[in-house]
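Structure, as structure tokens:
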Number of protein chains: 2
Amino acid sequence: MGCVIIVNIRDIAKAAGVSVSTVSKALNGYSDVKSKTREMILNVAKDMDYLPNVMARGLITKKSNTIGIFFGDRQNSGFDNPFFSELIRSIKDVAGAEGYDILIFANQKRNTSSYKTICYEKGVDGVILILTGDQRTDENIRELHESLPTVYIDSVSYQYNNVNFVETENVNASFHAVEHLIQLGHTRILKMAGDQVAKASYDRIEGYKQALSKHGLEVNNDLILYGEFSREKAYQLTKRFFSKPGGVTAVFSSSDMMAFGIIDALKDLGFKVPEDIAVIGFDDIDESKDYQPPLTTVHQQRFTMGETAAKMLLQLIDSQDGITRHATIPARLVIRESSGTKRGG
Amino acid sequence: MGCVIIVNIRDIAKAAGVSVSTVSKALNGYSDVKSKTREMILNVAKDMDYLPNVMARGLITKKSNTIGIFFGDRQNSGFDNPFFSELIRSIKDVAGAEGYDILIFANQKRNTSSYKTICYEKGVDGVILILTGDQRTDENIRELHESLPTVYIDSVSYQYNNVNFVETENVNASFHAVEHLIQLGHTRILKMAGDQVAKASYDRIEGYKQALSKHGLEVNNDLILYGEFSREKAYQLTKRFFSKPGGVTAVFSSSDMMAFGIIDALKDLGFKVPEDIAVIGFDDIDESKDYQPPLTTVHQQRFTMGETAAKMLLQLIDSQDGITRHATIPARLVIRESSGTKRGG
DNA sequence: CCACATTTCTAAAACGTTTTCGATAATTTT
DNA sequence: AAAATTATCGAAAACGTTTTAGAAATGTGG
């Protein structure tokens with residue numbers, strides 16, 4: 001490594017012929033420094049390529065201009081799901097525009113699993129959580145959002161009344177997806193759900209049930225499978241389910257990845273999609289439009305979700321007003337080919 | 001925000017009845033502290049829920065246990081390309097296993113565009129660059145890798161002899177892709193290249209030329225287009241190129257995204273792929289296998305690349321030995337349908 | 001029991017900032 | 001011109017660690 005000369009605030013104070021405190025004030029826009037000397041100091045600083053040391057500054061101000069992101073769990077690091085990459089991109093854009101960088105928590109050598117501890121240790125100003133499954137204890141989760149600005153994206157497990165979160169309009173969107181299937185003439189519809197703990201997952205089942213009820217169809221728990229948001233798991237469950245006859249003609253999946261697994265399985269069993277079985281997914285990830293058949297699915301506005309979460313977090317950091325914020329992002333059904341056309345008789 | 005009591009090293013020194021320095025040494029595994037007192041201190045620290053302040057520590061040690069990642073450029077934040085999300089995932093896994101977190105540089109409010117400056121400001125221990133196009137000046141790039149452990153992934157623009165990088169076996173893989181087209185009977189093959197500055201992009205053209213030469217085919221610069229790795233741009237160029245006859249029966253693209261744009265354009269022009277025109281891509285992103293027609297493409301081992309880069313960087317950080325490291329990751333041609341079958345006479 | 005080596009501990013400096021408070025200089029008021 | 005006010009600056013403390021240099025305690029050999 002070639003050596004690099006790093007100048008500190010003392011060096012530029014010396015060069016400018018003023019005190020360290022005056023330099024600091026000039027740099028941070030304090031009012032008690034003459035505009036002429038401020039300009040002079042700024043010039044010297046620029047000439048000498050001065051960079052404030054973020055550690056020293058953070059030590060005093062307790063701010064790092066960094067927001068943290070927790071992704072998924074240990075085994076499945078979250079980036080597996082293409083859903084996440086657009087989320088993080090929008091977070092990056094919003095936070096970046098406001099002068100923040102992004103820290104992704106990765107270190108697995110910590111001697112703690114406390115979110116609060118980890119956040120404090122790294123000195124992030126706030127944190128966004130994008131969790132899947134049931135990877136946190138209640139104590140852990142409460143501790144975090146009680147001590148630090150926190151926003152959950154589509155992943156609150158139990159609803160505290162003081163948790164900030166962004167979610168998709170899950171119930172409504174699922175309702176419409178299932179209603180569409182019903183209008184196409186389906187009466188026995190399988191629900192491939194995610195899990196039973198996440199609010200998002202629960203709500204997608206809820207919308208399914210509401211649509212059935214509204215149209216006088218029976219809700220049958222045998223028609224609800226739990227694919228854990230895994231393509232592989234959905235494949236297995238589908239293969240087992242459809243290997244015996246049951247009169248089911250349509251499937252509503254809680255994610256596109258699972259929908260792919262479902263369709264793969266149906267094809268392997270000799271069914272045609274959508275002629276024999278109609279399938280609707282959830283997410284509208286990039287692959288879905290190019291899939292064969294192109295997937296009918298619920299479009300989640302990932303960019304808007306990330307954007308909203310980031311803005312929400314920056315607000316929380318700025319104001320510290322203790323107000324709890326929620327946002328529900330609209331979703332719409334994108335009708336492609338996998339849901340098929342109206343059934344004859 | 002509920003208040004959280006944060007204890008510092010002084011508090012636990014008082015509670016343990018020893019000096020601050022002894023606590024520090026006990027915590028950091030120094031040898032000059034009796035094992036009995038060390039144990040006692042560790043217990044007190046755990047009981048009091050002590051967390052070291054990373055700012056204060058970093059101020060002295062100049063380490064942050066964080067590696068930085070620069071992604072793409074300002075406009076196109078990098079996550080657009082699905083190629084990147086797998087890269088970052090593997091980096092996260094490797095770095096995380098070794099006790100590092102990941103900082104993604106996002107802040108656009110900085111008053112500098114110097115990589116070195118930005119890295120120093122955040123105190124990262126090393127940095128991985130995944131750049132596209134020509135978004136850095138030579139001065140900027142040199143300054144960075146001279147002052148900080150740095151690994152480039154498939155994105156060195158000019159070859160310094162002291163730059164660490166990981167790249168795909170671009171020349172070789174491209175050679176085989178084009179040779180495959182030649183063996184299928186194609187003689188006029190269009191090259192949709194990326195740009196002319198990145199080494200990766202250059203090498204993919206080089207492999208194309210080598211294959212032509214080996215089989216006695218003429219290299220014609222009119223058959224090399226520059227799609228800048230953009231699906232849209234590739235679409236435009238393809239549409240213009242194929243609107244006049246030229247006897248071209250195959251296209252070799254430097255990315256899958258561009259290949260999609262190419263195929264879209266060909267379809268719009270009324271060509272059939274692969275019957276009329278064969279197309280081969282590069283990257284093997286997830287969409288490619290589900291695309292219609294499934295894309296023949298060069299599979300880049302993204303996971304291996306990210307993994308290798310991360311390991312390389314951690315080595316550089318650890319050893320500081322000044323040794324320059326390179327890694328070339330094998331790639332293989334994945335033959336699907338878009339390249340078609342052997343041409344009849 | 002003394003001289004010396006070794007083990008174990010501590011005081012204090014250092015890291016590079018920000019911020020408080022008081023000092024000085026400049027300006028205004030009386 | 002003196003007094004009061006205001007604008008501008010600087011000294012020093014503080015942030016929470018690590019590390020150096022040395023002091024105290026303990027052990028060892030004669």
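Sequence lines set the chain letters: A, B, ... in the order given, protein chains first and strands last, and positions in each chain run from 1.
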(request) Under 4.0 Å from any atom of DNA chain C, heavy atoms only: list the residues of residues 19-40 of chain A that qualify, in numerical order. (result)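 By residue number: V20(A), S21(A), S24(A), K25(A), N28(A), Y30(A).
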(message) Restricting to salt bridge (Lys or Arg N to Asp or Glu O under 4.0 Å), what partner residues turn up for K63(B), sequence neighbours left out?
(response)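 So K63(B) forms a salt bridge (Lys or Arg N to Asp or Glu O under 4.0 Å) with D125(B).
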(request) Under the salt bridge (Lys or Arg N to Asp or Glu O under 4.0 Å) rule, collect the residues that match up with K34(B), sequence neighbours excluded. (result)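 Not a single residue meets the salt bridge (Lys or Arg N to Asp or Glu O under 4.0 Å) criterion with K34(B).
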Do [X] and [Y] come within less than 4.5 Å of each other through their side chains, counting heavy atoms only?
{"X": "C119(B)", "Y": "F105(B)", "answer": "yes"}
{"X": "N8(B)", "Y": "N53(B)", "answer": "no"}
{"X": "L42(B)", "Y": "L27(B)", "answer": "yes"}

(message) Applying a 4.0 Å non-hydrogen cut-off, can you work out what I12(A) is touching in the nucleic acid: base, sugar-phosphate, or nothing?
(response) nothing
(request) Might you point out which heavy atoms bring Y152(B) and H145(B) nearest each other, and give the distance in Å? (result)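 Y152(B) and H145(B) have their closest heavy atoms at OH-ND1, 3.5 Å.
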(request) Heavy atoms only: give me the nearest S64(B)-G123(B) pair and the separation to one decimal. (result) OG-O, 2.5 Å
(message) Once rounded to the nearest 0.5 Å, what's the spacing between atom CD of E98(A) and atom CG of N65(A)?
(response) 10.5 Å
Enumerate, atom names and distances included, each donor-acceptor pair closer than 3.5 Å involving a side-chain atom of residues 304-315 of chain A, sequence neighbours excluded.
residue : atom : partner : partner atom : Å
T304(A) : OG1  : Q301(A) : OE1          : 3.2
T308(A) : OG1  : T304(A) : O            : 2.5
Q315(A) : OE1  : R325(A) : NE           : 2.9

(request) Take the protein atom CD1 of I9(B) and the nucleotide atom P of dT19(D), then report the distance between them rounded to whole Å. (result) 11 Å
(message) I need the CE-P distance between M55(B) and dT18(D), as an integer number of Å.
(response) 15 Å
(message) Would the distance check show the side chain of S21(A) and the main-chain N or O of S19(A) forming a donor-acceptor pair, the cut-off being under 3.5 Å?
(response)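 Between the backbone of S19(A) and the side chain of S21(A) there is no qualifying donor-acceptor contact (under 3.5 Å).
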(message) Under 4.0 Å from a heavy atom of chain A: give me the 5'-most and 3'-most nucleotides of DNA chain C that qualify.
(response) dG16(C) to dC21(C)
(request) Just report the end-to-end axis angle for the helix from dC1(C)-dG30(D) to dT30(C)-dA1(D), five pairs per end, to 10 degrees. (result)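 End-to-end axis angle for the helix from dC1(C)-dG30(D) to dT30(C)-dA1(D): 40°, rounded to 10°.
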